[in-house]
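Chain letters run A, B, ... following the sequence lines, proteins first and then strands; every chain starts at 1.
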Amino acid sequence: MAAERVKRARYVGAPAQRVDGFDKVTGRAVFGADMSAPNMLWGQVVRSQHPHALIRAIDASAALACDGVAAVLTASDVPGDIRFGVVVPHQPVLCSDRVRYMGDGVALVLAETREQAAEAARLVKADYQPLPAVFDVEEAMRDGAPLIHDDYPGNVVVHHRVRKGDVEAGFAQADLILERDYATQLVEHAYIEPEAVLALPGRGGGVEVYGSIQNPFSCRRAVARVLGLPLAKVRIVQCDMGGSFGGKDEVMSAMSARAALGALLTSRPVKMVNTREESLVESYKRHPYRMHYKVGVTREGRITAMEIRMVADAGAYASQSPFVTWRSTVQATGPYEVPAVKTDILAAFTNNTYTGAMRGFGAPQAVFANESLMDEIALELGIDPVDVRRLNGYRQGSVTATGHKLDEHTVSLMEVIDRATEAAGWREKRQRLPLENRGKTIVRGIGMACSFRGCSLGAEGVDATGAIVSVQTDGSVIVSTGLAENGQGLRTIFSQIAAEELGVDIGRIVFLPCDTSGVPDGGPTVASRSTIMGGNAVRDAARKARRALEDAVAQELGVSSEEIEAGFEEFSAIGDRTLRVGFDQAVAMAWNQARLMASFGWHQAPKVNWDEHVGQGKAYFTYVYGCQVAEVAVDTATGQVRVERLTAAHDVGRAVNPQAVQGQFYGGMAMGLGYGLLEEVELKKGATRTKNFDQYLIPTAMDVPEMIPIVVENHDPYGAYGAKTIGEPTCEITAAAIANAVAHAVGCRVRELPLDMERVLLGECLRVARGERGSERP
Amino acid sequence: MSIRMPIAEVYRTSSVDDALAFLAEHPGARPLAGGTDLLVELRTRWGGPLVGKPGGAQGADGGGGADLSPASLLDISGLPELRDIRADGRKLVIGACARVAEVASSPQVAAAAPTLAQAAGSVGSVQIRNRATLGGNIMNASPAADSLPALAVHEAVCVLRSQRGGERRLRLGELVTGPYCTCARPDELLVAVELEGGSGWRQSYMRLGRRQAMTIARLIVAVLMRFEGSTVADVRISAGAAFPSPRRIEPAERALLGAPFSRAAAREAGEAAAEEMVRVCGIRWSTRYKQPVLAALVERAVRQCAAKEGLDEWPE
């Protein structure tokens with residue numbers, strides 16, 4: 001059945017124009033900051049002036065006396081629980097007694113204009129009693145360190161363990177044991193659109209919030225909790241998004257809850273828009289990791305054992321740290337068969353900016369370490385890096401470090417390695433470049449990295465999602481889903497799937513913005529789960545809608561439903577092809593027969609399981625495999641690295657929209673390049689120094705090289721039309737490949753990111769903010 | 001989306017004389033040309049972003065306390081008389097309000113001072129170059145300003161005018177006295193820059209930034225060299241993001257002047273330049289990086305000049 005439908009696919013697997021593209025390029029798209037309402041107030045948060053302090057009092061009298069100020073709200077005005085959080089509900093929407101990082105909000109000023117709100121916010125006086133603060137993640141875990149949250153001894157948020165095989169025996173069998181330390185930095189999502197919402201008082205004492213919100217259902221939970229309202233009275237509607245990359249979750253929950261609080265208490269709409277500086281200071285970041293690897297290998301290069309310890313800086317609140325670090329446990333060894341593994345991954349609180357979800361979600365850090373390590377093994381043993389990976393890499397039926405036998409999908413690691421390295425001319429360049437580099441100041445190198453990645457949420461939690469396909473009486477079709485468009489192209493992919501399954505022209509389909517009161521909770525739009533999970537739900541809904549129409553046609557023609565075949569824009573009787581009914585006609589028949597033409601689709605992820613004591617189980621129901629090759633030129637006099645070419649091969653299961661898949665390749669690699677070479681949020685005693693994009697440098701078009709995307713398709717039995725995942729895999733490997741290419745070019749290795757000019761030239765970071773900042777090395 | 005800035009008034013002027021009259025009456029007024037530095041400064045100074053500063057006042061990033069006094073702006077961006085670029089004999093005269101993009105693409109600049117054209121072409125982005133002016137780049141006096149090393153090797157003379165004092169001509173190194181400091185009087189306006197042109201120069205301009213565009217320079221080197229046979233007859237070396245104010249680096253020039261060109265001399269010039277930087281600036285957090293890198297860039301720029309004369313090869 002599946003094979004038959006795939007064969008006559010019209011939209012799935014074909015390039016489709018972005019359904020929201022025209023609105024975006026003509027300026028018709030409506031972003032959060034475009035929203036306004038009559039009689040609207042502006043909200044401005046007053047943020048902490050200390051990384052860690054008790055709040056003794058807040059005096060808003062001077063602010064309240066300012067022109068245009070309607071109210072100044074503090075934690076005591078919150079009708080519900082001031083604390084929210086996806087995993088641990090302990091992050092205050094407004095702090096009542098204590099601040100834990102510089103982005104914490106202590107008051108909310110509401111005024112007639114944005115300027116008046118900002119002016120008055122300066123005059124809100126909070127009386128603080130500074131507390132000892134800790135900015136270094138290792139220091140935070142030591143005895144006597146200031147406790148950031150009273151109920152977390154040692155500031156440890158979470159400790160994940162993997163115990164597999166006998167590690168000591170494994171090391172005893174090794175001919176070579178390497179121990180290496182790697183470290184990664186704090187980075188910002190750098191979505192082009194800073195946070196923005198508009199909250200309106202709703203019917204029956206409820207609220208509505210429109211905004212730049214990645215996960216409307218998580219946001220709704222936070223708003224309802226803070227306001228003490230039932231979920232049904234809180235409606236969150238997503239606006240068009242100017243990017244998110246995992247970044248518009250908790251920070252948007254906080255902003256939405258604040259604006260909604262203002263709307264509820266003043267009975268007026270409240271708008272809030274962050275400046276870029278506010279965004280950089282308040283919003284959560286990617287976790288900096290410190291990673292220690294000990295690996296045993298035989299003379300031939302076969303890995304016998306690995307012992308891994310990673311520590312992640314969670315910053316002030318738990319946010320997604322437990323899940324981010326859990327994904328790292330699964331990927332820590334890389335896609336390699338390791339008979340004995342002992343992994344410990346911890347996250348700890350500090351008074352730094354909190355860290356959470358960002359494209360890659362605990363993988364880029366681990367991939368940088370384990371893929372650097374594979375090259376170090378190859379170098380020590382005099383083996384080509386490709387060969388050491390081929391020797392140890394996962395094949396069909398391999399068992400992961402976390403005990404999952406990979407036999408339900410095509411394990412395509414070797415295929416992606418071969419495709420990427422061949423396309424990049426690996427063997428020849430790997431030999432030739434070192435010879436050409438002799439006597440040169442500008443030297444070139446080629447490096448590779450690969451990964452496997454679990455699709456969707458895995459054992460993190462409940463994994464299911466829904467979709468509504470509603471055929472209108474004129475034959476137009478409305479589709480809505482619980483997953484949200486964050487710029488990744490979900491509306492287009494889901495429209496393609498709906499059109500495919502209904503057998504209609506894609507122009508009939510109108511995709512609605514995600515509205516928490518319009519569709520059931522479908523979980524967060526994270527973990528590259530849209531196509532693989534939501535795609536199946538849309539398919540399910542569209543199939544049901546099509547069946548209703550088939551039934552209507554069958555009744556009209558006096559045949560059984562099984563005898564009706566759906567074609568493109570028509571239905572026909574299998575036995576008698578002259579009996580054809582156009583789609584519009586079929587809709588009219590169904591309407592006249594009083595049939596339900598709207599249907600709901602639901603998709604549950606296949607079962608997974610996890611034993612957290614030993615870190616063993618079926619972590620994810622399927623995985624994707626990818627390999628990237630970086631070619632770089634390094635100026636050995638200045639330490640400047642230019643990436644000249646990136647070649648990537650990723651198994652996506654099936655490319656529902658090949659153009660969109662290539663877009664994910666390009667965007668992911670550009671983001672990975674920034675992670676590898678440029679980006680770093682610098683904190684000094686918890687205060688953000690890189691407050692705008694003149695200091696926080698992301699790659700420009702001039703920094704992004706030629707990129708070669710190779711789309712590998714091995715249909716997955718659990719995927720929608722065989723489609724799996726692509727958003728995050730492309731982003732998690734690039735920095736590691738670049739680091740390996742730089743090592744090949746210059747002959748020595750930089751073990752921390754980013755590979756900025758100082759690190760490449762001198763082997764260490766010199767930036768002035770370092771040393772006083774926790775998770776960075778001096 | 002409005003971001004409040006501390007601006008008391010904006011006076012849009014129609015002539016240089018009118019502008020000078022306004023400045024005479026409002027000596028604290030800030031001339032606004034492209035605004036690419038000034039408006040950013042005003043926004044930052046006011047602290048518009050409103051994010052917490054440790055242990056004290058909100059606002060004001062970076063240097064100094066929060067100066068919230070609103071500025072008077074004198075908008076000179078529309079003055080055509082300040083936008084002219086012309087060759088006057090061997091002299092190149094560039095109006096202070098000439099756009100950086102115009103400087104980058106001017107045939108006169110390309111002929112007389114290709115280093116300056118290259119410097120102008122490396123400022124910010126296309127959008128910034130279309131607004132920013134050469135005069136603004138000088139008067140903002142950033143140590144990392146892209147044009148200053150190029151202007152320094154061309155012995156630029158800055159022409160200032162005021163209602164009270166008439167015209168005053170200062171060398172670049174006299175006008176710019178330190179980071180973000182000039183000795184222009186509050187009622188003076190920079191109206192033009194005069195460059196000594198010359199076709200006999202071999203020229204090199206090198207700029208190092210953390211990324212390939214839209215970034216403050218980490219180091220800049222500008223070198224002019226004139227050869228007689230293989231002998232260095234004249235040489236001028238300047239560097240940006242290395243000294244508090246624009247200057248020629250005489251110890252580096254001495255390493256080359258009057259002697260036959262050699263790679264060893266080029267290296268020596270580089271080392272001398274780097275030593276001079278450390279002598280002037282002292283040891284800073286970045287010295288361990290900048291010292292060897294400035295040496296390498298000066299050496300490279302000198303070798304590039306020699307290569308253009310056929311005396312060396314660069315790039316290797």
Side-chain angles (χ1 to χ4, degrees), chain A residues 33 44-51 102-104 113-115 118-119 121-122 128 130 273-278 280-282 439-442 635-640 642 677-678 684-689 691-695 697-703 756-758 761-762 764 766-768, chain B residues 1-5 36-37 40 43-44 46-62 66 68 122 124-126 128 206-216 218-219 221 270 284-300 303 314-316:
Chain A
Q44 172 67 56
V45 181
V46 179
R47 293 193 178 79
S48 171
Q49 288 165 20
H50 298 272
M102 297 291 292
D104 265 333
T113 69
R114 188 181 193 184
E115 290 74 18
E119 281 299 341
R122 299 174 176 286
Y128 294 104
V273 180
N274 272 345
T275 60
R276 179 62 66 185
E277 289 86 347
E278 288 179 285
L280 272 158
V281 167
E282 182 182 341
K440 296 258 176 73
T441 0
I442 293 172
D635 187 333
T636 55
T638 65
Q640 190 166 53
R642 287 212 67 164
L677 295 184
L678 293 169
K684 187 175 186 183
K685 294 196 185 303
T688 307
R689 294 172 55 95
K691 279 192 194 154
N692 211 323
F693 290 146
D694 56 337
Q695 290 159 325
L697 301 183
I698 59 174
T700 68
M702 302 289 286
D703 298 279
D756 59 19
M757 299 191 293
E758 289 88 348
L761 186 73
L762 305 169
E764 61 186 296
L766 295 184
R767 290 216 211 164
V768 67
Chain B
M1 192 63 53
S2 63
I3 296 293
R4 177 79 181 277
M5 284 192 270
T36 54
D37 286 315
V40 174
R43 179 172 184 265
T44 308
W46 178 76
L50 205 86
V51 283
K53 289 284 285 180
Q58 299 255 358
D61 297 21
L68 299 180
S122 62
S125 62
V126 173
I128 290 171
M206 290 188 174
R207 181 190 199 276
L208 181 68
R210 290 198 184 274
R211 64 182 175 193
Q212 300 303 320
M214 286 280 287
T215 185
I216 305 294
R218 292 287 290 145
L219 280 171
V221 170
R284 298 157 57 95
W285 70 271
S286 57
T287 305
R288 280 215 295 135
Y289 176 79
K290 283 197 172 180
Q291 188 171 4
V293 176
L294 180 63
L297 291 180
V298 168
E299 178 189 352
R300 198 176 277 187
R303 287 187 59 189
W314 188 267
E316 48 194 19

Applying a strict 4.5 Å limit to non-hydrogen atoms, the region of A:Asn274 in contact with chain B is neither
The interface call for A:Leu697 against chain B, heavy-atom contacts under 4.5 Å, is both
Honestly, the part of A:Asp635 sitting under 4.5 Å from a heavy atom of chain B is side chain
Whether B:Arg288 side chain and A:Leu762 backbone form a donor-acceptor pair below 3.5 Å: no
Under 4.5 Å to a heavy atom of chain B? For A:Ile698 that would be both
When the 4.5 angstrom heavy-atom criterion is applied to B:Leu297 and chain A, the contacting part is side chain
Side chain to side chain contact (heavy atoms under 4.5 Å, CB included) assessment of B:Leu219 paired with A:Met757
CA-CA 12 Å; B:Leu219 280 171; A:Met757 299 191 293; over 6 Å; no
Turns out that what part of A:Thr688 lies under 4.5 Å from chain B's heavy atoms comes down to neither
If one checks every heavy atom of A:Tyr128 against chain B at 4.5 Å, the contacting part turns out to be neither
Does B:Ile216 have more than 12 heavy atoms from other residues, nucleotides or ligands lying within 6.0 Å of its CD1?
no
| task | State whether the side chain of A:Gln640 and the backbone N or O of B:Gly209 hold a donor-acceptor pair below 3.5 Å, judged by distance alone. | result | yes
Between A:Thr441 and A:Ala637, the two heavy atoms sitting closest are CG2-CB, 4.1 Å
When the 4.5 angstrom heavy-atom criterion is applied to B:Arg300 and chain A, the contacting part is side chain
Practice task
Walk me through it: do B:Arg284 and B:Lys290 pass the test side chain to side chain contact (heavy atoms under 4.5 Å, CB included)?
Solution key: CA-CA 9 Å; B:Arg284 298 157 57 95; B:Lys290 283 197 172 180; over 6 Å; no
